[in-house]
Amino acid sequence: MTSAEIRQAFLEYFNEQGHEIVASSSLIPANDPTLMFTNAGMVQFKDVFLGSDKRSYSRATSSQRCVRAGGKHNDLENVGYTARHHTFFEMLGNFSFGDYFKRDAIQFAWRFLTEVMGLPKERLWVTVHHSDTEAEQIWKEEMGIDPERFSKLDEDNFWSMGDTGPCGPCTEIFFDHGADVWGGPPGSPEEDGDRYIEIWNVVFMQYNRNAAGEMTPLPKPSVDTGMGLERIAAVMQNVHSNYEIDLFQNLLKATAEAVGVNDLDNKSLRVIADHIRSCSFLIVDGVLPSNEGAGYVLRRIIRRAVRHGNKLGASGPFFNQLVAALVKEMGDAYPELTEKQAQVERVLLKEEEQFAKTLDHGMRLLQEAIDQLEGTEIPGETVFKLYDTYGFPFDLTADVAREHELSVDEAGFDRAMDAQRERARAAGKFSVDYNDAIRLDGATEFTGYEVLEGNATVVALFADGAEVEQLTAGQTGVVVLDQTPFYAESGGQVGDSGTLTADAVLFDVTDCTKEGKNHLHHGVLTSGSLAVGDSVLPKVNETRRRAIALNHSATHLLHAALSTVLGDHVQQKGSLNDDERLRFDFSHFEAMTAEQISEVERIVNEQIRQNSAVVTEVMAIDAAKEKGAAALFGEKYDETVRVLSMGGDFSIELCGGTHAKRTGDIGLLKIVSEGGVAAGVRRIEAVTGEGAFKWLSETDATLSTVSALVKGSRESVVDKVKNLSDRNRQLEKELEQLKTKLASAAGSDLLSTAIDVKGIKVLAAQLEGVEPKALRDTIDQLKNKLGKGVVVLATVQDDKIALAAGVSKALTGQIKAGDIIKDLTGKIGGKGGGRPDFAQGGGTDLNALPAALESVASLVDAAV
């Protein structure tokens, strides 16, 4: 059976047993900060097992895409060197949520393996936890398992979701590859061999463990099972290594062709074939190469694959070429891979090209470190330097070390990394921040969605980082109110400004931030005095708030337009909305083209012209997700959220900010810049409303000025400027040629000043008004005319001396141009060097230059 046929047979079998076929979830777990990647089939059902999520079904089956390349489950270093470790694999699973339990789970597994797959019962070995007498009884008495092929294990057969929570015993099924393969049954001293391979694990979640370690029975025991597709495929295809199954054989052949090798058993080929799967599916699920989190792991995997390709002789980008072979192999099962093939190829190509710039240099430095190594361990500082300066991940260096039968100082690397983090923290420390100094109970009621002023009571005052009872005129401080219309900075929207007033009291609010659930009004008391318990009238600066709201609403439209034009991998990575402009950071792997920027602008302004209502709804988080609301990746939300919709379903996002009433209020959006801010992160800055009108007016005025300067009309200004630019380049070229001729002529005039030193013509002189870069050509011409000679020329520009020396090739065995330059620059307060036949340098001591040039003859005399 092919891997695809096994996958389909598994899902169909359990569907016939009443299981809902559930599609594989993303490799990036949703709302689960405990996991970087989905590493097991049960991850998407975690909340169901915990009881916080309800489904319309109580039985499920899936083929889940998994990655184990970071955190606790990290198989990266073993990939390619063992038969069954992978960064990416598929986990076939069946699940019961309080429905069937041990008896059915065991029967389902056994019947699928022996009846559907047709595996001989005498080649299967079963284990249970030593305490699980119920499972033991089912296996021996009901399923008729041979007691000679049965083991009781200890903690290896007990599973838990964490230190606390659902847990329970496991039962596992192993396949016996035969006596010709070394290894012993599970639980024996030889269990690490390859003869007995675990193919199925069934977890019986029947207890809940508390912080004290006490376990109580769960009211609805559940079942979580897993069988690796690659492992069962190896069994069904009668091979001992996962890399020998059909899935990998086709990828290995494509990889071998891409890098130009023939040995399909090559470990580097295995690494590459494994890594193209994890990298492609991570990109499909929205991960882009970066320097942190999941993006950094992706970058590590890509660079490891590229390094192995270069090791095999790949002369250029090759990794991206393997996506087509992967799509052919897995595209039918995962259509999203086919849909995003072009995007995956572009991301991989971009990362390959970027890494190629540093790989050669980094590898040379690593090889030098290995050549100079005393002992068998590469120092942690060396490993860190390669990581910090050249982008070499730790495991890539460890990979190279393994090939040289060396180890790396991981502890030393960690110390260097910690030291760098500490330096970064120290550099980031600033003066007292009220948000760090203030700790308050209670909450400020925010009224600013509906009104911009109202009545409020002062509940706390702070000055100089400490709580006070009263503020006096001229004093800077923080005011906390029981309710306020002032929006506190959050979600990329800046805080409001305005005033707090009472009889003879004026507090100018310059900013509003949030500490816990309290709004902090920062500012200065310009008149009167303010005490805790006083009543005040808070009033928001309406003009500024309106401008901020327009920019915030435009940001939502911009986000949706970027996703439309660039793809749904676009995710918000940060934003800033103030009264002057908006700034939006988003994930994307390359610079936007002018055409893409123009199309994004067009789409946003089309939405603005439609003047649709900006609709705000408050609903449960689950309902918001069902509605399709976009959430910030990794952000935690309350159970009840605000959902903002524009243009119907064009833009739907979770947002607590303030916004326009209708999209037409924005008036106009104009993108003023697009650029990169970090690896895989781009930034757009734009203006809206009055700011956009002002920007266009200023641009129009600039265009009119340029048109007048080039004596053209607005329509012809581009051609006029292009003609001027072309003419300027031509004149610069002609000027350069004239300067070179002048330098040559000046040099020729000096031929008569050359002196003879032991049969060698020596010419040393200073040229006036000559460009430094013209010295080389002049020296070459003079050497040709002198025949056997040494030429040293100097010129001064902006009080800096430029020196160049040339030595006839026939003399370089005795006289080195680099030695002459080093001697002369030492005398004029500079440095330099170069080849035996030509060298250059500079200095700043103008007074010492004449004597330095006079010393050239003696240098030549001493050398010969």
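Residue numbers run from 1 in the order of the sequence given.
- One N or O on the side chain of R123 and one on the backbone of D176 form a donor-acceptor pair closer than 3.5 Å.
- Atom CD in E336 sits 12.0 Å away from atom OG in S280 (nearest 0.5 Å).
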Would you list the atom pairs, donor with acceptor, under 3.5 Å between side chains in residues 22-30 and any protein atom, with sequence neighbours excluded?
unit_1	atom_1	unit_2	atom_2	d
S24	OG	Q64	NE2	3.2
S24	OG	R65	N	3.0
S25	OG	Q64	OE1	3.1
S25	OG	Q64	NE2	3.4
S26	OG	I28	N	3.0

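- To the nearest 0.5 Å, the span separating CD on Q17 from OG1 on T61 amounts to 10.5 Å.
- Side-chain contact check for F248 versus R277: some heavy-atom pair is nearer than 4.5 Å.
- Under the rule for a side chain to side chain donor-acceptor pair (under 3.5 Å), the partners of H129 that lie at least two apart in sequence or sit in another chain are S131.
- In this structure, CZ in R304 is found 11.0 Å from CZ in F319, a value given to the nearest 0.5 Å.
- Here CG of D132 is found 9.5 Å from SG of C170. Values are rounded to the nearest 0.5 Å.
- Partners of K627 under the salt bridge (charged side-chain N to carboxylate O under 4.0 Å, His left out) rule, at least two apart in sequence or in another chain, are E617.
- Looking at heavy atoms from C-beta onward, S62 lies in side-chain contact with F95 at the 4.5 angstrom threshold.
- Between C66 and R68, every side-chain heavy-atom pair lies at or beyond the 4.5 Å cut-off.
- Applying the salt bridge (charged side-chain N to carboxylate O under 4.0 Å, His left out) rule to K340 yields the partners D568; only residues at least two apart in sequence or on another chain are considered.
- If you check the side chains of N242 and H86, you find a donor sitting under 3.5 Å from an acceptor.
- In this view, H559 and F584 satisfy the ring-ring contact (aromatic ring centres under 6.0 Å, His included) rule, not counting sequence neighbours.
- Under the rule for a ring-ring contact (aromatic ring centres under 6.0 Å, His included), the partners of F281 that lie at least two apart in sequence or sit in another chain are F88, Y334.
- In this structure the side chain of D180 never reaches within 4.5 angstrom of the side chain of R195, judged on heavy atoms.
- At most 12 heavy atoms of other shown residues, nucleotides or ligands fall within 6.0 angstrom of atom CG in D332.
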Legend entry - Evaluation steps, side-chain contact (heavy atoms from CB on, under 4.5 Å), between I106 and E142: CA-CA 10 Å; I106 290 172; E142 298 183 30; over 6 Å; no
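- Aromatic pair H556/F650: ring centres not closer than 6.0 Å.
- More than 12 heavy atoms of other residues, nucleotides or ligands lie within 6.0 Å of CD in E122, so this atom counts as buried by the packing criterion.
- Side-chain contact check for V67 versus T38: every heavy-atom pair is 4.5 Å or farther apart.
- Remark: the backbone N or O of E198 is paired with a side-chain donor or acceptor of R231 at under 3.5 angstrom.
- Using cut-offs of 30° and 60° on the angle between ring planes, the pair W125 and Y196 is perpendicular.
- For the atom pair CD of Q341 and NZ of K328, the computed distance is 12.0 Å after rounding to the nearest 0.5 Å.
- Of the options T127, N157, V128, a side chain to side chain contact (heavy atoms under 4.5 Å, CB included) to S151 is made by T127 and by none of the others.
- With a 4.5 Å cut-off on side-chain heavy atoms, L251 and L322 do not count as touching.
- Of all the heavy atoms in L288 and L298, the pair that sits closest is C-CD2, 3.8 Å.
- In summary, E351 and R303 engage in a salt bridge, as defined by a charged side-chain N under 4.0 Å from a carboxylate O.
- Scanning for ring-ring contact (aromatic ring centres under 6.0 Å, His included) contacts around F101 gives F204, with sequence neighbours left out.
- Partners of R55 under the salt bridge (charged side-chain N to carboxylate O under 4.0 Å, His left out) rule, at least two apart in sequence or in another chain, are D53.
- The shortest side-chain heavy-atom distance between R149 and L124 does not fall under the 4.5 Å cut-off.
- A distance-only check finds a donor-acceptor pair linking the side chain of Q249 to the backbone of Y243 [under 3.5 Å].
- No side-chain donor-acceptor contact under 3.5 Å links T255 to the backbone of R270.
- Under the ring-ring contact (aromatic ring centres under 6.0 Å, His included) criterion, F97 pairs with F45, F49, not counting sequence neighbours.
- Nearest heavy-atom pair across A324 and E345 is N-OE2, 4.1 Å.
- At least one side-chain heavy atom of K121 sits less than 4.5 Å from a side-chain heavy atom of W110.
- A distance of 9.0 Å separates CD1 of I173 from OG1 of T114, quoted to the nearest 0.5 Å.
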Donor-acceptor contacts, no H, no angles, side chain residues 212-229, under 3.5 Å, sequence neighbours left out:
unit_1	atom_1	unit_2	atom_2	d
E214	OE1	N210	ND2	2.9
S222	OG	S96	O	3.4
S222	OG	G98	N	3.2
S222	OG	K220	O	3.3
T225	OG1	N94	N	2.9
T225	OG1	N94	O	3.2
T225	OG1	N94	OD1	2.6

Show me, pair by pair, the donor-acceptor contacts under 3.5 angstrom made by side chains of residues 1-11, not counting sequence neighbours?
unit_1	atom_1	unit_2	atom_2	d
T2	OG1	E5	N	3.1
T2	OG1	E5	OE1	3.4
S3	OG	D246	OD1	2.6
E5	OE1	T2	N	2.9
R7	NE	E90	OE1	2.9
R7	NH2	E90	OE1	3.2
R7	NH2	E90	OE2	2.9
Q8	NE2	E12	OE2	3.0

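- The ring pair (Phe, Tyr, Trp, His ring centres under 6.0 Å) test with H19 singles out one residue from Y13, F112, F108, and that residue is F108.
- When the shell of 6.0 Å around CG of N238 is examined, it contains 12 or fewer heavy atoms from other residues, nucleotides or ligands.
- For S63 (side chain) and L92 (main-chain N/O), no donor-acceptor pair under 3.5 Å exists by modelled atom type.
- Within the 3.5 Å criterion, the main-chain N or O of A325 finds no donor-acceptor partner in the side chain of N250.
- A search for salt bridge (charged side-chain N to carboxylate O under 4.0 Å, His left out) contacts involving E136 returns K140, K152, not counting sequence neighbours.
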